[in-house]
Peer 1: 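Before I ask anything, here is the structure I am working with.
Chain letters run A, B, ... following the sequence lines, proteins first and then strands; every chain starts at 1.
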Number of protein chains: 2
Amino acid sequence: MSEDRRRKRGPQARAARNDHALLEAARDVIAAEGAHASVSAIAARAGVGIGSLYRRYASKDALFQHLAVISLDQHLHAAEEGLEHDDPWDGLAHYVTSAISFGTAVLNPIAGTVDITDEMADKNTRSDRAVEELVRRAHDAGVLRPDVTAVDIALLIEQLSRSPLTEQLGYQGRADLNAAACNARSRIVAIALDGLRTGAPHALPGQPPGYELFTERWARPER
Amino acid sequence: MSEDRRRKRGPQARAARNDHALLEAARDVIAAEGAHASVSAIAARAGVGIGSLYRRYASKDALFQHLAVISLDQHLHAAEEGLEHDDPWDGLAHYVTSAISFGTAVLNPIAGTVDITDEMADKNTRSDRAVEELVRRAHDAGVLRPDVTAVDIALLIEQLSRSPLTEQLGYQGRADLNAAACNARSRIVAIALDGLRTGAPHALPGQPPGYELFTERWARPER
DNA sequence: ATAACCCGGAGCAATTCGCTCCGCAAACGC
DNA sequence: GCGTTTGCGGAGCGAATTGCTCCGGGTTAT
């Protein structure tokens with residue numbers, strides 16, 4: 001086990017890697033289970049003991065708080081990156097796919113457990129503004145269907161960010177299933193994006209998924 | 001409280017209504033929280049005591065089992081109804097919207113807790129076949145984009161069936177929020193359907209949603 | 001009024017939770 | 001080489017939550 005952790009030397013490097021793994025694990029588990037996610041599940045998914053978790057974060061709430069700050073940052077960053085694209089559609093699509101891929105999903109589930117600082121509220125406002133600007137640009141360019149609003153897009157992102165349990169199960173030593181889930185999700189996102197867009201459909205990414213993503217215990221006849 | 005329950009007379013009528021409310025509540029709560037949903041949450045959402053729940057179902061597992069059977073029936077029924085439409089697109093769209101609206105979402109979360117009878121596996125096979133037929137018809141008619149498979153659609157349905165917590169919160173005496181959530185969801189479904197379809201976008205249903213669906217505690221500046 | 005019926009929720013044992021604490025292994029100074 | 005330091009993992013604690021039982025109270029029919 002420690003073999004994997006020694007690619008960079010020193011205890012500090014391992015600590016940093018653990019910290020990152022913890023945040024990512026927390027994001028995934030919360031996206032799948034909501035705010036009820038247990039610390040032991042998060043630690044297990046990160047491949048870390050709960051002791052290590054509590055050395056870095058004073059409490060579960062502190063972890064969630066930190067996660068909320070980070071997610072808010074990522075969200076704002078994705079929106080601003082979108083505005084940097086010259087092409088209005090590319091900008092909007094970049095924002096939507098980014099927001100879905102790192103879990104904007106965590107923000108709403110844990111919104112009740114963290115306390116929102118002024119700085120966080122400010123970032124939230126700024127990203128809302130940026131998204132509205134992205135939408136306006138796309139509307140003006142005629143590439144986004146005119147009856148879709150920024151709120152529609154926000155809700156779509158929230159809906160598509162929630163992980164089905166499949167991904168969680170797939171993680172435990174089943175990298176193949178995890179990859180299949182990523183592929184399937186990217187196709188769904190592409191479908192939704194084409195639903196937002198005016199004009200002809202755009203080719204779907206990846207390979208068509210098979211039935212393996214559905215719970216195996218749910219007996220599906222071989223075909 | 002009992003005033004509301006006496007629209008139809010007699011204890012049997014009330015019992016039947018309770019039973020229906022229980023199943024619907026279980027469906028909603030599971031769609032929002034997964035298989036970890038607690039019986040007390042289900043009973044509370046149905047507006048009945050836990051005693052009444054346990055008079056009708058021997059255990060939590062029994063309730064889940066019954067719910068799985070019913071959902072499987074509804075799912076198969078929706079697919080077969082879709083095949084009865086003459087228009088291939090209408091048939092597919094009917095299936096997708098139906099499957100999303102009553103929670104096909106419950107099936108996968110609870111697949112591990114129920115035991116699957118031969119009859120259930122058979123129904124599952126039949127609905128898979130029916131969906132594939134729906135997809136084939138739509139492909140042949142050229143109304144469904146050719147790179148979308150039946151599995152893509154199944155995964156899309158699963159993703160869109162999962163309820164955000166908003167709806168759960170909205171339920172508790174906030175009919176307005178619940179209606180807003182339904183409206184917002186129907187728009188998202190319509191967007192996804194347009195992403196599946198070839199040709200020009202189809203008008204979105206309902207009214208553009210506002211930000212009220214996001215957790216209120218997540219401070220959004222009034223605009 | 002009496003009997004039959006069903007509903008709701010307090011309360012029980014068991015499980016799960018967030019969290020603390022301590023024994024252990026790896027890196028460092030000598 | 002050996003002690004020191006540092007961070008790790010997980011057994012185990014009390015508290016909270018869980019699935020479930022059981023009984024007092026209210027409603028309907030007679």
Side-chain angles (χ1 to χ4, degrees), chain A residues 1-23 25-26 29-30 32-67 109-110 112-114 168, chain B residues 1-23 25-26 29-30 32-67 109-110 112-115 168 172:
Chain A
M1 164 201 298
S2 60
E3 201 158 345
D4 193 35
R5 289 235 187 75
R6 245 190 285 163
R7 276 169 305 179
K8 278 185 182 173
R9 312 299 300 284
Q12 296 86 346
R14 173 165 57 165
R17 237 172 299 124
N18 278 355
D19 191 32
H20 183 258
L22 270 173
L23 286 169
V29 175
I30 291 172
E33 299 184 12
H36 298 302
S38 66
V39 288
S40 45
I42 293 173
R45 170 131 194 186
V48 169
I50 25 187
S52 308
L53 190 156
Y54 275 97
R55 199 167 319 99
R56 238 158 288 281
Y57 298 98
S59 67
K60 182 184 176 181
D61 281 344
L63 169 61
F64 278 22
Q65 179 85 29
H66 189 198
L67 185 64
I110 67 179
T113 72
V114 304
Q168 190 191 6
Chain B
M1 165 200 299
S2 60
E3 199 158 347
D4 193 34
R5 289 236 189 75
R6 248 190 281 165
R7 275 168 304 177
K8 279 185 183 174
R9 313 298 300 283
Q12 296 87 344
R14 173 166 55 165
R17 238 172 299 124
N18 278 354
D19 192 32
H20 184 258
L22 270 173
L23 286 169
V29 175
I30 291 172
E33 299 184 12
H36 298 303
S38 66
V39 288
S40 45
I42 294 173
R45 169 132 195 188
V48 296
I50 22 189
S52 308
L53 190 156
Y54 275 97
R55 200 169 316 101
R56 239 158 287 280
Y57 299 98
S59 67
K60 181 185 177 180
D61 280 345
L63 169 62
F64 278 23
Q65 179 85 28
H66 190 198
L67 184 64
I110 67 179
T113 73
V114 303
D115 64 71
Q168 190 191 6
Q172 326 236 13

Peer 1: What nucleotide, of D:dG19, C:dT20, D:dG9, holds the atom closest to the side chain of A:Arg55?
Peer 2: D:dG9

Peer 1: Testing the basics here: between A:Gly34 and A:Pro109, what is the closest heavy-atom pair and its distance to 0.1 Å?
Peer 2: CA-CB, 4.3 Å

Peer 1: Give the nucleotide from the list D:dG9, C:dG8, D:dT18 with an atom nearest to the side chain of B:Ser40.
Peer 2: D:dT18

Peer 1: Please lay out, stage by stage, how B:Leu23 and B:Leu63 fare under the test side-chain contact (heavy atoms from CB on, under 4.5 Å).
Peer 2: CA-CA 8 Å; B:Leu23 286 169; B:Leu63 169 62; 4.1 Å; yes

Peer 1: Between B:Ile50 and A:Asp61, name the one whose nearest nucleotide on DNA chain C is closer to the 5' end.
Peer 2: B:Ile50

Peer 1: Could you tell me the separation between the CG atom of B:Leu22 and the C1' atom of C:dG8, rounded to a whole number of Å?
Peer 2: 13 Å

Peer 1: Could you state the interatomic distance from OG1 (A:Thr113) to CD (A:Gln65), rounded to the nearest 0.5 Å?
Peer 2: 8.0 Å

Peer 1: Between atom CZ in A:Phe64 and atom C1' in C:dC17, what is the gap in whole Å?
Peer 2: 12 Å

Peer 1: Tell me which of A:Tyr54 and B:Ser52 sits closer to the 5' end of DNA chain C, going by the nucleotide each one is nearest to.
Peer 2: B:Ser52

Peer 1: Could you give the CD1-to-C1' distance, from A:Ile42 to C:dC17, as a whole number of Å?
Peer 2: 12 Å

Peer 1: Between atom OH of B:Tyr57 and atom CG of B:Asp19, what is the distance when rounded to the nearest 0.5 Å?
Peer 2: 4.0 Å

Peer 1: When the distance from CG of B:Leu63 to P of D:dC20 is rounded to whole Å, what number comes out?
Peer 2: 10 Å

Peer 1: For the side chain of B:Val39, counting heavy atoms from C-beta on, which of D:dC8, C:dG18, D:dG19 is nearest?
Peer 2: D:dG19

Peer 1: For the side chain of B:Arg56, starting at C-beta, report the closest nucleotide among D:dG9, C:dC7, D:dT18.
Peer 2: C:dC7

Peer 1: Can you name the nearest heavy-atom pair linking B:Ala43 to B:Ile50, along with the distance?
Peer 2: CB-CG2, 3.9 Å

Peer 1: Please work out if B:Ala62 contacts a base, only the sugar-phosphate, or nothing of the nucleic acid, heavy-atom cut-off 4.0 Å.
Peer 2: nothing

Peer 1: Just compare C:dC19, C:dG8, D:dC8 and give me whichever is closest to any side-chain atom of A:Lys60.
Peer 2: C:dC19

Peer 1: Counting side-chain heavy atoms from C-beta on, which of D:dG9, C:dG8, C:dC17 comes nearest to A:Ser38?
Peer 2: C:dC17

Peer 1: Report which part of the nucleic acid B:Ala37 touches: base, sugar-phosphate, or nothing (heavy-atom distance under 4.0 Å, all strands).
Peer 2: sugar-phosphate

